[in-house]
Amino acid sequence: MSGSTARLNAISAVTNYTPLSEPLNFSDTPMSEIFGSNVFSARVMKECLPKHIYKSLLKTIESGTKLDASVADVVAAAMRDWAIKKGATHYTHVFYPLTGLTAEKHDSFLAPDGRGGALAEFEGKALIQGEPDASSFPSGGIRATFEARGYTAWDVTSPAYILENPNGTTLCIPTAFVSWTGEALDKKTPLLRSNQALNEQAQRVLRIFGHKDGAVVSSTAGPEQEYFLIDRNFFFARPDLLTAGRTLFGAASPKGQEFEDQYFGVIPERVLAFMLEVERELYKLGVPVKTRHNEVAPAQYEIAPIFESSNIATDHQHLTMITMRRVAKQYGMECILHEKPFAGVNGSGKHVNYSLGSSSQGNLLDPGDTPHENAQFIVFCAAVIRAVHKHSGLLRAVVATAGNDHRLGANEAPPAIISIFLGDQLTDIFDQIKKGGAKSSKKRGTLQIGVDVLPELPKDAGDRNRTSPFAFTGNRFEFRAVGSNQSIAGALVAMNTIVAESLDYVATELEKATKGDPKKLNAAVQKLVKDIIASHGGVIFNGDGYTEAWHKEAAKRGLPNMKTTPEALLVLVAKDTVEVFKKYKVLSKRELESRRDIYLEQYVKSVLMEARLVIEMGRTIIFPAAIRYQNELATTCANLKVVGYMFDTDTLDLITELVKDLQDGMNALEKLLGHHSHGLLEEAQYCCGTLLPAMLKVRNAADSLEGYVADDLWPLPTYQEMLFIK
Ligand code: ADP
Ligand code: MG
């Protein structure tokens, strides 16, 4: 399909748009009835399980005690009956391999009874453990292909749910995925392990502050998801979007995002219809989506849920991405989750709001109403600051992908330097603590920190900073560097682990200084926070993260600035990383090395694929269009000459030059593709340092041609069309 046909089809799709399904009447079916209707939730379990079984299961879910194996058969039977009542014919263990995608293998409930009939079968052992062939999932050398066994293990803490399809429904069971040696092959296993580590250390700190109930502390996450929606007619006419998820060619549209008329603008009808359906589908699955709005770039939007405990939030985030992709198709659109689908306008990220809390303590990063609570808040906050400073390289590493490199460190938020925005008021408080009870610059007078003297803290985040990769927003931190296409698990695992380590440090220091004497707590807290800010305050930066001045200043402060993935991924196996992950039993060295290799390989594969696409599209789509136009110009020149006019050949000259650039660029790129590197790292560096610039050269020639070639001859949908026809 040529660009111009795609344009006509898209225009017709937009103008003839009629709602696909019957509009849902929310007054007939109240939202409260839809929400969680496809979830095997605690409420459902309570209804259909014997009391003692329900209690035992709930204990496992809420306090992390080991699952009683005898419970599994009863739960499995109840789950099966519930699912079959909802039309399920199959069940699947859903898992999250290191590809970053969701994986599932479906099994039927059906078992022949040997007499020509069949029974519905689903036993405890099928619920607890599955054995998908793991050989095709990346393991980074952990599991040789011949020992293909991998196991999926039921994650009791994340509820099972029903996925609907017009032709039937499936019972989905969230699971962890491990090799037969017990090593993690997925994203969930380390997340569960890291939450456990976080809980252990947080409990120690809470005990020092007198909270001994032991209610499980878990990290919480509220991921804001940015995405693009474009008409599917365009999508199919762009091999780059179809295959790479981003445009490898395309001149800037005369209008971009400079009018700032898109952010929070009125949502187009077809897009809103899509959003409503996505939300309804997610409600059924118990995903608490809450916010929707237009984002900064044209055709860019955002969806955000209410935060949940990080493990469930992660599963729900995967479901959100899957649902958005699926529903968009029904509305004739494609949901694009790539971090930088269109050059020159903002890319998409996932802002992961992060905090920690428990059922009895609530949010531990929320400044409280009493000095006691505030001191505790300051201690937890200082622990996060220390963690981010000590491991800022790791936080860069866990968001390193080929796609995200086009965003981080380029000319948009957030920069590749990981720093913390605290806001003026909180920074002022930490400054004063650092000075140790100096006169307050603000009217508060002398500031002493302690469990009974700390003054009221700001309740409101007050000022906002959009350029910071890691911002305190009043009662949580917002990690903005995560890629729109990434699983949030990697970021959460890193956060949990490094915060656990900091809390360990904090607890140890406070235990040493107080020796259990609460009267010594004031002084101990004062000294601890002062020391932390003195050593780690360099990571705090409240200014504009885009400026050259900050880059210089950050270098002076010793903050790493890793612009590319190959560089950043090395931090995964750096000494500090290996130590902290080992100490808290989140990932072993071998598991970390396997992850580094898998991510390097993914990086290499995606750059190579893009390079091949550049050549294919350049040769078979753009070059032919350019020479057709060149021929038209040449014919015109020749004809005019015949009848005695001198025709200015400036445009023809330029086109000829650009065509040559295009051709040379592609030939050069093709040669470069023949290169053989030694080892993964070298190959990734080669992709980054040599192939990407060579691809850009081809693109530059092609994009210049786009500005000259006759519109009816230009075969690819343009940025203007893709971003503004909606
Ligand atoms: P903004 O765009 O201003 O950052 P949004 O409302 O779009 O705000 O998103 C804020 C996100 O932060 C929501 O998902 C919200 O649930 C989440 N959030 C709020 N409190 C916490 C918390 N304690 N832990 C984790 N996430 C939180
Ligand atoms: Mg936000």
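Just so you know, these numbers come straight off a predicted model, no measurement behind them. Ligands are counted one by one from 1 in listed order, and the atoms in each one are counted from 1 as well.
Within ligand 1, counting atoms from 1 as listed, the ones closer than 4.0 Å to a heavy atom of I306 are 16 (O). Remark: ligand 1 atoms within the under-4.0 Å shell around heavy atoms of P305 are 13 (C), 14 (O), 16 (O). Against a heavy-atom cut-off of under 4.0 Å, E478 is close to the following atoms of ligand 1: 4 (O). Contact atoms of ligand 1 toward E302: 7 (O) (distance under 4.0 Å to a heavy atom of the residue).
For F472 and F477, the ring centers are positioned less than 6.0 Å apart. F541 has its ring centre no less than 6.0 Å from the ring centre of F421. F228 has its ring centre less than 6.0 Å from the ring centre of F342.
Remark: R292 is not positioned above the aromatic ring of Y301, lacking an NZ or CZ atom under 6.0 angstrom from the ring centre and at most 45 degrees off the axis.
Taking any N or O of F307, backbone or side chain, at least one lies under 3.5 Å from an N or O belonging to ligand 1. Residue-to-ligand polar distances keep Y354 apart from ligand 1: every N/O pair is separated by 3.5 Å or more.
With F479 as the partner, the side-chain contact (heavy atoms from CB on, under 4.5 Å) test is satisfied by one option alone out of V388, L492, I418: I418. Just one residue in the list Y161, F95, Y96 forms a ring-ring contact (aromatic ring centres under 6.0 Å, His included) with H318, and that residue is Y96.
Only the side chain of N363 comes within 4.0 Å of ligand 1, counting heavy atoms alone; its backbone N, CA, C and O stay farther away.
Residue contacts with ligand 1: K290 is excluded, as none of its non-hydrogen atoms falls under 4.0 Å.
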